[in-house]
Amino acid sequence: MAGKSFFIDTTRCTACRGCQIACKNWNQNGASMTKNTGSHQNPPDLDANTYKLVRFSEVEKDGKLAWYFFADQCRHCIDPPCKDAIEGYVSDAVIHDEKTGAVVYNEKTKEANFDEVKGACPYDIPRQAEGGAIVKCTMCLDRVSAGLLPACVKVCPTGTMNFGERDEMLAMANKRLEEVKKKFPDAQLINPDEIRVIYLVVDDPRAYHEFAIASASQGINRKLAMRGMVKPAGRALRAFIPG
Ligand code: SF4
Ligand code: SF4
């Protein structure tokens, strides 16, 4: 399993949201109607026009206020549960690209059950577009196949967003983790062996975003679902299972 990966170093993010806008621009996704919710996070969540969203969280850490930024997007799972959920309804709707590992949906996803697909994703990523197709980040497979960086990586001015060969990204992530741990002992990489978008955070990942990290129980539920014993792990089911 080689292919490509991202390394997202949240310690370098200034929340400029250049990646969010570059993603919209490259994918020709329009603006979403939104309103002021008292947060700089805007729009408030991923949607069919927003494949990448910089999430903002205010937390108290060691008696001080900390502001965490988390550039959320599809993790391009090594073994993607959303693909299983879609293929329960329709074949040929998901490309799992051999060369890069990108997980890319097409229009045929409209024949799948959206709630099941969304519920199968441990990171709460898929969204439904008008007309029914299910959409998300594509790893900019069109750009990457032409030797270019993903648009969100190309535009990042701080070194937060990195992309390349998987072994190089893992080495970069582990090296940076060692450095960051000197100042932030709770620093960690999130699910690095399971996904192609590897985040470095300095605190519990759930302090950044409810769905930043997949729990072990989600994996177990997925196996049961594949054996037809329960529905794919959805939000309601997850709500009863401690992380
Ligand atoms: S890889 Fe491309 S589609 Fe995915 S978040 Fe980055 S810009 Fe958007
Ligand atoms: S993060 Fe979710 S949408 Fe992306 S490949 Fe994994 S299961 Fe599918």
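Indexing begins at 1, ligand by ligand and atom by atom, following the structure's order. Since the model is a prediction, treat every value here as computed from it, not as a measurement.
S145 contributes no side-chain N or O that, together with a main-chain N or O of D142, makes up a donor-acceptor pair within less than 3.5 Å. In this structure a side-chain-to-backbone donor-acceptor pair under 3.5 Å is present from T138 to C140. Here the side chain of Q20 pairs a donor or acceptor atom with the backbone of V54 at under 3.5 angstrom.
Protein heavy atom in closest approach to atom 2 (Fe) of ligand 1: C140 SG, 2.3 Å. Looking only at protein heavy atoms, the nearest one to atom 8 (Fe) of ligand 2 is C82 SG, 2.3 Å. For atom 4 (Fe) of ligand 2, the closest non-hydrogen atom on the protein side is C74 SG, 2.3 Å. For atom 5 (S) of ligand 1, the closest heavy atom belonging to the protein is K52 CD, 3.5 Å. Nearest to atom 1 (S) of ligand 2 among the protein's heavy atoms is R75 N, 3.3 Å. Here the protein heavy atom with the shortest distance to atom 6 (Fe) of ligand 2 is C77 SG, 2.3 Å.
Shown are R75, R166, M169; of these, the side chain to side chain contact (heavy atoms under 4.5 Å, CB included) with R196 is made only by R166.
For F163 and F6, the distance between ring centers is under 6.0 angstrom.
The closest approach between a heavy atom of F163 and any atom of ligand 1 is not below 4.0 Å.
Using a 4.0 Å cut-off between heavy atoms, C23 contacts ligand 1 through both its backbone and its side chain. Residue contacts with ligand 1, taken as heavy atom pairs separated by less than 4.0 Å, involve N27 solely via side-chain atoms from C-beta onward.
Residue P81 approaches ligand 2 through these ligand atoms, each under 4.0 Å from one of its heavy atoms: 7 (S). The contact set between ligand 2 and Y105, taken as ligand atoms under 4.0 Å from a residue heavy atom, comprises 3 (S), 8 (Fe). Those atoms of ligand 2 that come under 4.0 Å of a heavy atom in Y123, given as number and element, are 1 (S). The ligand atoms of ligand 2 that sit less than 4.0 angstrom from a heavy atom of K136 are 3 (S). For ligand 1, the atoms closer than 4.0 angstrom to any heavy atom of F6 are 1 (S). Less than 4.0 angstrom separates some heavy atom of P150 from each of these atoms of ligand 1: 1 (S).
R206 is listed as a side-chain neighbour of I213, based on a closest heavy-atom distance under 4.5 Å. Residues T10 and Y68 fail the side-chain proximity criterion, which asks for heavy atoms closer than 4.5 Å.
Side-chain contact, T158 with T160: a donor N or O sits under 3.5 Å from an acceptor N or O. There is no side-chain donor-acceptor pair under 3.5 Å between Y51 and N27.
Contact annotation: C121 places no N, O or S atom under 2.8 Å from atom 8 (Fe) of ligand 2.
Ion pair K110/E107 flagged as a salt bridge, since at least one NZ, NE, NH1 or NH2 atom sits closer than 4.0 Å to an Asp/Glu carboxylate oxygen.
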